[in-house]
Protein chains: 2
Amino acid sequence: MKKHKEILSRFGINKTQFRIDLLSLFFDCKSALTIHEIFERFNKKINKVTIYRALKSFEQKGLIHQVPDKNNLKKYSLCNLDTCSPDLHNHQHGHFICYSCDQTFCLDDSTVKILKTSSGHIVKNYNLILEGYCTDCNSSQTISQN
Amino acid sequence: MKKHKEILSRFGINKTQFRIDLLSLFFDCKSALTIHEIFERFNKKINKVTIYRALKSFEQKGLIHQVPDKNNLKKYSLCNLDTCSPDLHNHQHGHFICYSCDQTFCLDDSTVKILKTSSGHIVKNYNLILEGYCTDCNSSQTISQN
DNA sequence: TAGGAAAACGCAAAAGTGTTGCGTTAATTA
DNA sequence: TAATTAACGCAACACTTTTGCGTTTTCCTA
Ligand SMILES: [Mn+2]
Ligand SMILES: [Mn+2]
Ligand SMILES: [Zn+2]
Ligand SMILES: [Zn+2]
């Protein structure tokens with residue numbers, strides 16, 4: 001799509017076919033992606049090292065950001081392209097991790113509010129991780145657990 | 001120390017010299033520990049597999065809990081031993097990660113409050129990650145960023 | 001639009017993190 | 001003290017991520 005090429009240009013990333021498709025995938029995906037999931041989405045046709053390097057580049061340029069994951073895997077999700085730029089990531093938002101399907105979702109700003117902070121530390125950014133059962137998993141099964 | 005042995009007994013963990021010392025280390029440490037840091041603290045005299053297994057055991061028995069880390073390493077910190085027990089971890093508290101020294105600190109409950117949550121997801125647990133400059137790093141240098 | 005510079009790519013190898021199997025040693029329980 | 005159980009060290013393995021290097025593609029500018 002034209003839009004994706006323009007974005008890559010704007011963020012100073014060469015427009016190779018793979019990187020166009022990768023950005024497109026991030027736009028399509030509502031939950032965060034692991035390297036493995038990306039590899040699968042490309043039918044294992046693309047070298048994993050290429051994926052790693054593209055992700056690192058995207059992250060440095062402010063296109064995507066890492067999201068937390070229970071299994072210590074790196075997951076990535078699209079940044080707000082209006083507020084993020086190279087080396088200036090600005091996402092003070094929460095993430096929701098589903099116990100059941102293991103997906104991680106970005107939550108928009110309005111979902112949660114941090115009330116106050118008081119300690120000797122200077123807070124520059126925050127990330128609230130909520131865990132539980134996502135909308136889909138919740139509606140498709142009954143959970144009886146605390 | 002006598003106290004540490006008693007705690008190990010109470011949580012059903014054998015009192016080997018290493019595990020006594022490891023618990024002692026967690027009590028001494030104000031920030032979360034990685035396997036590597038523990039290895040160093042024991043002067044590389046203890047096998048890393050032993051550390052991994054002790055950490056897993058401690059976590060399962062409710063002595064320690066994992067804390068988030070920017071680099072996707074596993075870090076561990078002491079639980080509130082009054083509220084945590086085998087398979088019933090109860091720590092809804094925040095963590096602070098320092099941009100500068102990379103340490104992770106547990107924040108006590110009063111430091112931050114979550115105001116509200118509204119989405120289709122069912123929240124069972126949360127973990128707030130604050131990022132910035134810790135007390136020590138802040139006082140020892142001037143930061144000019146954002 | 002041709003040609004040189006820079007970025008991205010694939011492949012192989014290495015580094016880093018965490019786990020598993022197994023025989024031995026140490027701690028617990030009776 | 002003897003039997004049972006847990007912890008330990010070592011080696012090997014699995015998995016994730018990084019690095020080196022030569023080749024290919026994209027970019028930029030003459
Ligand atoms: Mn996000
Ligand atoms: Mn904690
Ligand atoms: Zn789910
Ligand atoms: Zn610090």
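Here is how names work: the chains are called A, B, and so on, in the same order as the sequence lines, proteins then strands, and each is numbered from 1. None of these values were measured; they are calculated from a predicted model.
- One atom, CD1 of Ile51(A), and another, C1' of dT16(D), lie 13 Å apart when rounded to the nearest Å.
- Classified by interplanar angle (parallel below 30°, tilted 30° to 60°, perpendicular above 60°), the ring pair Phe58(B)/Phe26(B) is tilted.
- Taking for each of Lys45(B) and Asn72(B) the nucleotide of DNA chain D with the nearest heavy atom, the 5'-most of the two is the partner of Lys45(B).
- Closest to the side chain of Tyr52(A), out of dA7(D), dT17(D), dT17(C), is dT17(D).
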Where do N or O atoms of nucleotides 10-14 of chain D meet protein N or O atoms at under 3.5 Å, pair by pair?
{"from": "dC10(D)", "atom 1": "N4", "to": "Arg53(B)", "atom 2": "NH2", "distance (Å)": "3.4"}

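- Taking the six-membered ring for Trp and thresholds of 30 and 60 degrees, His4(B) and Phe27(B) have nearly parallel ring planes, at less than 30 degrees apart.
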One pair to check against side chain to side chain donor-acceptor pair (under 3.5 Å): Gln66(A) and Asn72(B). What are the steps and the verdict? CA-CA 10 Å; Gln66(A) 275 189 251; Asn72(B) 281 76; 3.2 Å; yes
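- Side chain of Lys15(B) to main chain of Leu8(B): no donor-acceptor pair is present (N/O by atom type, distance under 3.5 Å, no hydrogens or angles).
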Leu81(B)/Ile7(B) under side chain to side chain contact (heavy atoms under 4.5 Å, CB included): CA gap, chis, key distance, verdict: CA-CA 9 Å; Leu81(B) 300 189; Ile7(B) 291 172; 3.8 Å; yes
Pairwise N/O distances under 3.5 Å, protein to nucleotides 14-16 of chain C:
none

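- Each of Thr135(B), Asn138(B), Asp136(B) was compared with His121(A) under the side-chain hydrogen bond (donor to acceptor under 3.5 Å, both in side chains) criterion, and only Thr135(B) meets it.
- Contact annotation: Lys56(B) reaches the phosphate of dT19(C) (side-chain N/O to OP1 or OP2, under 4.0 Å).
- For the pair Ile35(B) and Ile13(B), both in contact range of DNA chain C, the more 5′-proximal nearest nucleotide belongs to Ile35(B).
- Summary of helix geometry: the two end axes of the helix from dT1(C)-dA30(D) to dA30(C)-dT1(D), each defined by five base pairs via their C1' atoms, are inclined to each other by 40° (rounded to 10°).
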Yes or no on side chain to side chain contact (heavy atoms under 4.5 Å, CB included) for Arg19(B) and Asn14(B), after CA distance, side-chain angles and deciding distance? CA-CA 8 Å; Arg19(B) 294 191 174 200; Asn14(B) 281 10; 5.8 Å; no
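- Using a 4.0 Å cut-off, no side-chain N or O of Arg19(A) falls inside it from OP1 or OP2 of dT25(D).
- Between the CD atom of Gln17(A) and the C1' atom of dA8(C) there is a distance of 13 Å, rounded to whole Å.
- For Phe42(A), the ring-ring contact (aromatic ring centres under 6.0 Å, His included) partners are Phe18(A), not counting sequence neighbours.
- Heavy-atom minimum distance, Phe11(B) versus Ser85(B): CE2-CA, 4.1 Å.
- Annotation: Lys70(B), atom NZ; neighbour count of heavy atoms from other residues, nucleotides and ligands within 6.0 Å is above 12.
- Of the side-chain N and O atoms in Thr16(B), none sit less than 4.0 angstrom from OP1 or OP2 of dA26(C).
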Please tabulate the protein-to-nucleotide N/O contacts below 3.5 Å involving nucleotides 28-30 of chain D, giving atom names and distances.
none

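- Aromatic ring orientation, His93(A) versus His65(A): perpendicular (interplanar angle above 60°, classes split at 30° and 60°).
- Protein atom CG of Asp21(A) is 12 Å distant from nucleotide atom P of dT26(D), rounded to whole Å.
- When hydrophobic residues (I, L, V, M, F, W, Y) are linked wherever their side-chain heavy atoms come within less than 4.5 Å, the members clustered with Ile97(B) are Ile97(A), Ile129(A), Ile129(B).
- Within 4.0 Å (heavy atoms only), Lys48(B) reaches no atom of the nucleic acid at all.
- Distance Glu40(B) CD to dT17(C) P: 12 Å, rounded to the nearest Å.
- One finds the CZ atom of Phe105(A) at 6.5 Å from the SG atom of Cys98(A) (value rounded to the nearest 0.5 Å).
- Distance alone, capped at 3.5 Å, is enough to place a donor-acceptor pair between the Asn47(A) side chain and the Val49(A) backbone.
- Put simply, NZ on Lys74(A) is 6 Å from P on dT17(D), counting in whole angstrom units.
- Between the C1' atom of dC9(C) and the CG atom of Leu22(A) lies a distance of 14 Å, rounded to the nearest Å.
- Spacing between atom CD of Gln66(B) and atom P of dT17(C) amounts to 15 Å, rounded to whole angstrom units.
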Test side chain to side chain contact (heavy atoms under 4.5 Å, CB included) applied to Cys79(B) and His89(B), step by step: CA-CA 8 Å; Cys79(B) 286; His89(B) 284 271; 3.5 Å; yes
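- Here the P atom of nucleotide dC8(D) and the CD1 atom of Ile46(B) are 6 Å apart, to the nearest Å.
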